[in-house]
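These notes concern the structure reproduced below.
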Amino acid sequence: MSSDQHASEGTTEQRTEGYAEVYRRSVQDPAGFWLDAARAVDWVREPTVALDESAAPLYRWFPDGRLNTCYNALDRHVEAGHGERTALIYDSAVLGVRESFSYARLLEEVALFAGALAALGVGKGDRVLVYLPMIPQAAVAMLACARLGAVHSVVFGGFAPRELASRIDDSRPVVVVTTTGGVEPKRRIEYLPAIEEALRIAQHEPAAVVVHEREGFETTVEDARGRAGRDGQPAVDWHTWAEALEGAEPAAPAPVAATDPLYVLYTSGTTGTPKGVVRDNGGHAVALTWSMRNIYDVGPGEVMWTASDVGWVVGHSYIVYGPLLAGATTVLYEGKPVGTPDAGAFWQRVEEHRVKVLFTAPTALRAIRRADPEGELVRRHDIGSLRTLFVAGERLDPETYGWASDVLGVPVVDHWWQTETGWAICANPFGIERLPLKAGSPSVPVPGYRVEILDPLGQPLGPGEEGNIALRLPLPPGTLTTLWGDDRRYVDSYLSAFPGYYATGDSGYVDEDGYVYVMGRTDDVINVSGHRLSTGAMEQVLASHPAVAECAVIGVADPLKGQRPAGYVVLKAGVDVPEDRLRAELVALVRERIGAVADFKDVAVVEGLPKTRSGKILRKTMRQMADGEQYTVPSTIEDSSVLDALQEVLRPPRVR
Ligand code: COA
Ligand code: AMP
């Protein structure tokens, strides 16, 4: 069977069914449904069993299946005669570079780099940490790991060395793959000093670092090599990408168990310690292949552009794996929605690359709208190829939804998902049936997901009643199987609050028509420009400052970024520092420890923080006050005068 037939397998039949029938089938007979969907993937050993429930509440999809994810993403399309088809278009708005990779070329580069990694000692199950910006080498490195059956862990470039170090210690990589730097619109980011510092802080020592060399950066591989083994710097081997490739033999795809891990991706949780979300090979390949056709309606040879970053789950799933598994063309865009050079950047590329489906975050649309409210730059381009704009990462506010729908003239589809799920929980499944869109809702549960709204005691709530959004177990294929090396934490963090369910950490409601509305988080996670951040992690940093007695960080509403973090600190008795200096120090400390991506720029010194009698800080009430929302003062408050005193301060000045 050709790869094109594979990629659309099972869908011709489903297209004769509407959403309601497909959904019913997925929940009434999940085993049959997913074994059927699994036929769209090429297996070394086809699975005969859908789900292993023996270790419930930990589940494993396709326990007797064997496959290679990289083979499915590349080789099989080439073997089916589509080697000349474009797999990936690298488009750098910051450098003015464009480069196309056919499936045959991408396969060649991936196989060779896999050979280079193998020569450095990377084998099945070994971890490789990838710290790369939006350049093709990021996709090459990820796919090369998949080819070897190794486990990649990609870290977003905006994170600081300490965050990198905590990921190195948790995933214990054999090799780190990086570059000399990243290019942001207003500055160049030196990666090697960050890697060196992370290696100094980390307990674990990788054997080697492979560096893709880019021009225009100060610290070179030679510099790092010269420092290795001296001044507290671990004695890792430094290689340039070119050196690593010298003498390397192309590696063949290694068959792995469907249940073997493909990657670990760290995400923010309630505490400062990030959670290593584990994705398997088989469930992931099946779910993403299914989603490409049934959610996005993108097939072989069609162009999908996901304007995100490979450091986030959206980038893993729909810049790299999803489009390639489907035999489609993906666009890897190094640039911003505005400022590189203007708010027409997206529309120019839709025209140039004939993009059928664009996927971005609402914050990017708000940034474009602010710069081009009338959509004049849209009209300068022929965006006739565009069929659908998908958005995720945060709630699509009705105003932005209305604006984007008007100026683009195509459906704007909000869909809701998480790093943990790896693909959409709720969406409008355009490949199955175009259901009516409702502003403010990511539409309906995707087949395979059983979404329920529960009260704090785990009792189901009725239509229109807001509560905890929970997913009934088992989750469908492609969702997390556990947290890296920590089944206990997985169970405690997600599966214990409501036995039999996965707790999403989001709250919301379902309307009379079964449309889900996701209203916000129930924990300390905030979403800044579609980036998921932990206020708990920021609090830990503030609390480490010698002048700070206690602190709270909340996410306040921001018209561009959705939310932004705001900190409130109480000083230790007797501390006498100028407030401006202290605030600047605290802002710098968060940037140094967590990274620029935290976007922590607001902090205020306060006399006290509102607490319950048991000592819990009333962060939700503070956030409601800051956002000008209605709030009720909890009866358990220790001293309500503290809250009154905060009225003035809850909109703190920005430190720039
Ligand atoms: N490497 C290093 N630093 C990075 C970075 C990266 N990959 N990405 C962002 N940063 C830095 C920025 O340079 C900025 O630093 P600064 O404080 O020195 O200016 C800081 O992190 C915050 O950046 P950002 O969140 O991008 O804010 P912004 O004001 O520069 O831009 C938007 C605002 C809306 C244009 C931008 O956030 C955006 O494009 N968002 C879309 C996000 C997205 O696609 N998310 C994926 C979810 S699906
Ligand atoms: P991340 O793990 O970074 O993808 O962030 C996941 C979180 O972002 C979710 O738990 C939600 O809080 C939020 N989120 C993502 N997509 C949406 C959406 N479409 N609507 C509302 N919230 C969303």
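Counting starts at 1 for both ligands and their atoms, in listed order.
- The line from CD1 of Ile554 to CD of Glu539 is 10.0 Å long, rounded to the nearest 0.5 Å.
- With Phe159 as the aromatic partner, Arg167 meets the cation-pi criteria of under 6.0 angstrom to the ring centre and within 45 degrees of the ring axis.
- Ion pairing between Lys438 and Glu512 fails under the 4.0 Å rule for side-chain N and carboxylate O.
- Checked for salt-bridge contact, Arg583 and Asp580 meet the test: a charged N lies under 4.0 Å from a carboxylate O.
- In this structure, atom 6 (C) of ligand 1 has a protein heavy-atom contact shorter than 4.0 Å.
- Looking at Asp602 and Arg564, a side-chain N of the basic residue comes within less than 4.0 Å of a carboxylate O on the acidic one, giving a salt bridge.
- Among His531, Arg188, Lys601, Arg564, the residue whose heavy atom sits closest to atom 19 (O) of ligand 1 is Lys601.
- Distance SG/Cys426 to CD1/Ile469: 7.0 Å, rounded to 0.5 Å.
- For CZ of Arg98, the number of neighbouring non-hydrogen atoms (other residues, nucleotides, ligands) closer than 6.0 Å is greater than 12.
- A salt bridge is absent between Arg395 and Asp397; no separation between the charged side-chain nitrogens and carboxylate oxygens falls under 4.0 Å.
- The closest approach between any non-hydrogen atom of Ala392 and ligand 1 is below 4.0 Å.
- Here CD of Gln137 is found 11.0 Å from OG1 of Thr178. Values are rounded to the nearest 0.5 Å.
- Of the candidates Ser529, Ala367, Ala361, Ser529 brings a heavy atom nearest to atom 42 (C) of ligand 1.
- The nearest heavy-atom contact from the protein to atom 18 (C) of ligand 2 is Glu394 O, 3.3 Å.
- Gly530 O, 3.6 Å is the protein heavy atom nearest to atom 47 (C) of ligand 1.
- Of all protein heavy atoms, the one lying nearest to atom 4 (O) of ligand 2 is Thr419 N, 3.6 Å.
- For the residue pair Trp416 / Asp506, a side-chain donor-acceptor distance below 3.5 Å is found, with atom types taken as modelled.
- In terms of protein heavy-atom proximity, atom 21 (C) of ligand 2 is closest to Arg395 N, 3.2 Å.
- The closest approach between a heavy atom of Pro133 and any atom of ligand 1 is not below 4.0 Å.
- Of the candidates Asp506, Ile526, Thr267, it is Asp506 that places a heavy atom closest to atom 9 (C) of ligand 2.
- Atom 41 (C) of ligand 1 has its closest protein heavy atom at Thr363 CG2, 3.7 Å.
- Note: no N/O pair closer than 3.5 Å links Val518 and ligand 2 by distance alone.
- Interatomic distance, Leu495 CG to Leu471 CG, rounded to the nearest 0.5 Å: 10.5 Å.
- With respect to the salt-bridge test (charged N to carboxylate O, under 4.0 angstrom), the residues Glu399 and Arg366 do not qualify.
- For atom 5 (O) of ligand 2, the closest non-hydrogen atom on the protein side is Arg532 CD, 3.4 Å.
- Counting only heavy atoms of the protein, atom 3 (N) of ligand 1 lies nearest to Ile189 CD1, 3.3 Å.
- A side-chain donor-acceptor contact under 3.5 Å links Trp423 and Tyr449.
- Residue-ligand proximity, Val597 to ligand 1, at heavy-atom distances under 4.0 Å covers atoms 21 (O).
- The closest protein non-hydrogen atom to atom 22 (C) of ligand 1 is Ala596 O, 3.9 Å.
- Scanning all protein heavy atoms for the shortest distance to atom 7 (C) of ligand 2 gives Asn527 ND2, 3.8 Å.
- The shortest N or O to N or O distance between Lys336 and ligand 1 is under 3.5 Å.
- The protein does not reach atom 31 (O) of ligand 1 closely, with no heavy atom under 4.0 angstrom from it.
- The structure places CD1 of Ile425 at 8.5 Å from CG of Leu475, a figure rounded to the nearest 0.5 Å.
- The CZ atom of Arg591 sits 15.0 Å away from atom CG of Leu586, with the distance rounded to the nearest 0.5 Å.
- Among protein heavy atoms, atom 8 (N) of ligand 1 sits closest to Phe156 CZ, 3.5 Å.
- Side-chain contact between Tyr501 and Leu454 is present, with heavy atoms from C-beta onward closer than 4.5 Å.
- Scanning the protein for heavy atoms near atom 6 (C) of ligand 2, the closest one is Trp417 O, 3.6 Å.
- With a 4.0 Å heavy-atom cut-off, ligand 1 is reached by no atom of Arg366.
- Heavy atoms of Glu394 stay at 4.0 angstrom or farther from ligand 1.
- With hydrogens left out, the protein atom closest to atom 18 (O) of ligand 1 is Arg591 NH2, 2.8 Å, a heavy atom.
- Aromatic pair Tyr266/Trp484: centroids not less than 6.0 angstrom apart.
- Residue Lys561 places a heavy atom under 4.0 Å from ligand 1.
- The distance criterion of under 3.5 Å between nitrogen or oxygen atoms is met by Gln418 with respect to ligand 2.
- A heavy-atom separation below 4.0 Å is not found between Lys186 and ligand 1.
- Contact annotation for atom 36 (C) of ligand 1: protein absent (non-hydrogen atoms, distance under 4.0 Å).
- Heavy atoms of other residues, nucleotides or ligands lying less than 6.0 angstrom from CD of Glu218 number 12 at most.
- Closest protein heavy atom to atom 9 (C) of ligand 1: Glu184 OE1, 3.5 Å.
- Aromatic ring centroids of Phe390 and Tyr318 lie 6.0 Å or more apart.
- Here the protein heavy atom with the shortest distance to atom 16 (N) of ligand 2 is Gly393 N, 3.0 Å.
- Close approach of ligand 2 to Asp414 (heavy-atom distance below 4.0 Å) involves ligand atoms 18 (C), 19 (N).
- By the criterion of a heavy-atom distance under 4.0 Å, the backbone of Ala307, and not its side chain, is placed next to ligand 1.
- For ligand 2, one of its N or O atoms has an N or O atom of His415 under 3.5 Å away.
- Remark: minimum distance from atom 14 (C) of ligand 1 to any protein heavy atom is reached at Arg187 NH2, 4.0 Å.
- A donor atom on one side chain and an acceptor atom on the other are found under 3.5 Å apart for Arg532 and Thr267.
- Between Gly393, Gly315, Pro337, it is Pro337 that holds the heavy atom closest to atom 39 (O) of ligand 1.
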